[in-house]
Colleague: 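The following block contains the structure, expressed as structure tokens.
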Amino acid sequence: MRIEACLNGDRRPGAHPALPVSVDQVVADAHAVVAAGATSIHLHPRDPSGAESLEPQVVAPLMESLRERGPAVPVSITTSLSAESDPWRRYDLVQRWASSALPDSVTVNLHEAGSIDLVHLLDDRRVPVEAGVWTVEAARILIATKIEVSAVLVEPTQVAVEDARSNADAILSLLDRARIGAPRLLHGSDATTWPMLEAAIGAGYDIRVGLEDTLRLPDGEEAHDNAALVAHAVSLAGAAHRVG
């Protein structure tokens with residue numbers, strides 16, 4: 001089971017005292033979450049002001065620092081339109097990423113404009129793509145286009161747990177019927193984070209957790225940092241494994 005730590009997401013600097021924004025903070029946090037049990041890391045790169053950015057001059061120093069000073073685990077970064085709202089400019093920025101500082105994988109949300117063109121670009125650059133599938137319609141795009149992906153990230157965005165579970169079940173059922181064999185990672189956000197994580201553990205899927213997804217532990221207490229969230233997820237996975 002892959003246990004991914006999603007360190008910051010699109011949360012604003014200051015949304016949590018331990019939210020990593022600067023390169024040094026990200027590197028330190030990466031070591032902490034791996035020590036807590038994470039096997040991979042997912043990031044939203046930030047410019048010096050703390051804003052999300054896909055600019056080559058932002059991505060390269062981040063990746064170089066993680067390679068030189070970070071833990072030896074795979075690193076994925078976002079291409080969400082939250083980081084660059086213009087799909088064509090996003091394409092240009094990714095095209096200009098330094099070959100020497102490419103991430104181990106990139107997430108692409110299939111419901112976003114320009115997603116398939118971006119997937120083809122990343123394939124040309126030999127960067128594995130993890131497909132963000134938020135809806136049944138996005139799952140249909142994955143199936144119809146027959147794009148090659150290294151993983152499918154099933155990401156129900158509904159606020160209510162039952163609604164999120166229903167959406168995830170519909171997506172997963174469609175993937176099953178289409179025989180999409182790529183590894184699956186199931187996760188929620190905020191109130192659905194822990195229920196979705198437990199569902200993923202029960203189904204044998206990969207899991208992720210971190211301040212991108214939630215600021216709180218299952219009991220509602222604010223988590224101290226990303227490592228605390230990962231440690232709790234690891235304990236849940238371990239407990240399920242022992243029971244199984």
Colleague: Below 30° counts as parallel, above 60° as perpendicular, anything between as tilted: where do the rings of W194 and H232 land?
Modeller: perpendicular

Colleague: Specify the closest pair of heavy atoms between T78 and L54, including all atoms of both residues, with the distance to one decimal.
Modeller: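 Looking at all heavy atoms of both residues, the closest pair is O-CD2, 3.4 Å.
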
Colleague: Determine whether a donor-acceptor pair (N or O, by modelled atom type, separation under 3.5 Å) exists between the side chain of S40 and the backbone of V75.
Modeller: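 Flag not set: sc S40 to bb V75 has no pair under 3.5 Å.
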
Colleague: Any heavy-atom pair between the side chains of P128 and V149 that's under 4.5 Å?
Modeller: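 No - every pair of side-chain heavy atoms lies 4.5 Å or more apart.
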
Colleague: Do you know which two heavy atoms are closest between P13 and G50, and how far apart they sit?
Modeller: CG-O, 3.6 Å

Colleague: Dump the intermediate steps for salt bridge (charged side-chain N to carboxylate O under 4.0 Å, His left out) on E55 and R89, then the final yes or no.
Modeller: CA-CA 10 Å; E55 293 280 355; R89 186 166 190 274; 2.5 Å; yes

Colleague: Please tell me if the side chains of P20 and R46 come closer than 4.5 Å, counting only heavy atoms from C-beta onward.
Modeller: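 P20 does not reach R46 side chain to side chain.
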
Colleague: Would you say the side chain of R2 lies within less than 4.5 Å of the side chain of P183, judging by non-hydrogen atoms?
Modeller: no

Colleague: Taking V21's backbone N and O only, do any of them form a donor-acceptor pair with Q25's side chain (distance below 3.5 Å, no angle check)?
Modeller: yes

Colleague: Indicate yes or no: at least one non-hydrogen side-chain atom of L7 is less than 4.5 angstrom from one of H42.
Modeller: no

Colleague: Please check if any side-chain donor atom of H187 sits under 3.5 Å from a side-chain acceptor atom of E155, or the reverse.
Modeller: yes

Colleague: So L66 and L43, side-chain contact (heavy atoms from CB on, under 4.5 Å) or not? Walk me through it.
Modeller: CA-CA 11 Å; L66 283 167; L43 295 165; 3.4 Å; yes

Colleague: How many angstroms lie between CE in M1 and OH in Y205, if you round to the nearest 0.5 Å?
Modeller: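 The CE atom of M1 sits 11.5 Å away from the OH atom of Y205.
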
Colleague: Would you find more than 12 non-hydrogen atoms of other residues, nucleotides or ligands less than 6.0 Å from H224 atom NE2?
Modeller: no

Colleague: Check the side chains of R216 and T193 for a donor-acceptor pair under 3.5 angstrom, ignoring hydrogens and angles.
Modeller: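 Looking only at side-chain atoms, R216 and T193 do not form any donor-acceptor pair under 3.5 Å.
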
Colleague: If you count the non-hydrogen atoms of other residues, nucleotides and ligands that lie under 6.0 Å from CZ in R96, is the total more than 12?
Modeller: yes

Colleague: What is the distance from atom CZ of R177 to atom CG of L175, rounded to the nearest 0.5 Å?
Modeller: 9.5 Å

Colleague: Heavy atoms, side chains only, cut-off 4.5 Å: are P156 and D163 in contact?
Modeller: no

Colleague: Could you tell me whether R184 and E130 make a salt bridge, using a distance below 4.0 angstrom between a side-chain N and a carboxylate O?
Modeller: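 No, no charged N to carboxylate O under 4.0 Å.
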
Colleague: Quick one: CG on L186 to CG on D169, what's the gap to the nearest 0.5 Å?
Modeller: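 Rounded to the nearest 0.5 Å, the CG-CG separation comes out at 9.0 Å.
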
Colleague: So, does T135 use its side chain to make a donor-acceptor pair with the main chain of A138 at under 3.5 Å?
Modeller: yes

Colleague: Under a 3.5 Å distance rule, please check whether S85 uses its side chain to pair with a backbone N or O of L81 as donor and acceptor.
Modeller: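 Flag not set: sc S85 to bb L81 has no pair under 3.5 Å.
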
Colleague: According to a hydrophobic-cluster definition based on side-chain heavy atoms being under 4.5 Å apart (Ile, Leu, Val, Met, Phe, Trp, Tyr only), do I3 and V34 belong together?
Modeller: yes

Colleague: To check you understand the geometry: which heavy-atom pair defines the closest contact between R165 and P195, and what is its length?
Modeller: NH2-CB, 4.0 Å

Colleague: Checking side-chain contact (heavy atoms from CB on, under 4.5 Å) for the pair Y91/D86: CA distance, chi angles, key distance, verdict?
Modeller: CA-CA 9 Å; Y91 185 98; D86 182 337; over 6 Å; no

Colleague: Distance only, no hydrogens: is a donor on one side chain within 3.5 Å (strictly under) of an acceptor on the other, for E4 and T39?
Modeller: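 Result is no, nothing qualifies.
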
Colleague: If you apply the rule side-chain contact (heavy atoms from CB on, under 4.5 Å), what do you find for W88 with D117, and how did you get there?
Modeller: CA-CA 10 Å; W88 299 115; D117 288 333; 3.7 Å; yes

Colleague: Determine, stepwise, if the pair E222 / H16 fulfils side-chain contact (heavy atoms from CB on, under 4.5 Å).
Modeller: CA-CA 9 Å; E222 184 173 82; H16 187 281; 3.6 Å; yes

Colleague: Does the pair D190/R11 count as a salt bridge with the N-to-O cut at 4.0 Å?
Modeller: yes

Colleague: Walk me through whether R69 and D24 qualify under salt bridge (charged side-chain N to carboxylate O under 4.0 Å, His left out).
Modeller: CA-CA 9 Å; R69 301 187 284 127; D24 287 344; 3.0 Å; yes

Colleague: Please report the closest heavy-atom contact between R90 and A113, naming both atoms and the distance.
Modeller: NH2-O, 2.9 Å

Colleague: Does any part of the side chain of H111, heavy atoms only, come nearer than 4.5 Å to the side chain of E137, both counted from C-beta?
Modeller: no

Colleague: Quick one: do I180 and L185 end up in the same hydrophobic cluster if we chain Ile, Leu, Val, Met, Phe, Trp and Tyr together by side-chain heavy atoms under 4.5 Å apart?
Modeller: no

Colleague: If you take all heavy atoms of L110 and S115, which pair is closest and at what distance?
Modeller: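 Between these two residues, the closest heavy atoms are O-OG, 3.1 Å.
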
Colleague: Between the side chain of T192 and the main-chain N/O of S189, is any donor-acceptor distance below 3.5 Å?
Modeller: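 Indeed, once roles are kept as given, a pair shorter than 3.5 Å links the two residues.
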
Colleague: If Ile, Leu, Val, Met, Phe, Trp and Tyr residues are connected whenever their side-chain heavy atoms lie under 4.5 Å apart, and connections chain through other members, are L153 and V94 in the same group?
Modeller: no

Colleague: Answer with yes or no whether the hydrophobic clustering places V230 together with L19; edges join I, L, V, M, F, W, Y residues whose side-chain heavy atoms lie under 4.5 Å apart.
Modeller: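 As far as the 4.5 Å side-chain criterion goes, L19 and V230 are connected within one cluster.
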
Colleague: Hydrophobic clusters here meaning ILVMFWY residues chained together by side-chain heavy-atom distances under 4.5 Å, can you tell me if L215 and I207 are in one?
Modeller: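 Yes: a chain of side-chain contacts under 4.5 Å links L215 to I207.
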
Colleague: Working to the nearest 0.5 angstrom, can you tell me the gap between I201 CD1 and D206 CG?
Modeller: 11.0 Å

Colleague: Would you indicate whether the side-chain heavy atoms of E162 and S166 approach each other to under 4.5 Å?
Modeller: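 No, side chains not in contact.
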
Colleague: Would you give the length of the straight line joining atom CD of E198 to atom CE of M196, rounded to the nearest 0.5 angstrom?
Modeller: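 These two atoms lie 9.5 Å from each other.
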
Colleague: Assess, by modelled atom type and distance only, whether the side chains of N167 and Q158 contain a donor and an acceptor separated by less than 3.5 Å.
Modeller: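 Yes, a side-chain donor-acceptor pair sits under 3.5 Å.
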
Colleague: Report yes if some heavy atom in the side chain of L121 is under 4.5 Å from a heavy atom in the side chain of L118; otherwise report no.
Modeller: yes

Colleague: On a heavy-atom basis, which atom in A191 and which in V161 lie closest, and how many Å separate them?
Modeller: O-CG2, 3.9 Å

Colleague: For H44, does its backbone N or O pair with a side-chain atom of N8 as donor and acceptor, under 3.5 Å?
Modeller: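 At least one qualifying donor-acceptor pair exists.
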
Colleague: Start with the C-alpha distance between E64 and R67, add both sets of side-chain angles, then the distance that settles salt bridge (charged side-chain N to carboxylate O under 4.0 Å, His left out), and finish with yes or no.
Modeller: CA-CA 5 Å; E64 289 166 357; R67 295 270 160 72; over 6 Å; no

Colleague: Between CG of D10 and OG of S82, what distance do you get to the nearest 0.5 Å?
Modeller: 4.5 Å

Colleague: For N226 and G210, indicate whether the former's side chain and the latter's backbone hold a donor-acceptor pair under 3.5 Å.
Modeller: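 The answer is no, because no donor-acceptor pair under 3.5 Å joins these two groups.
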
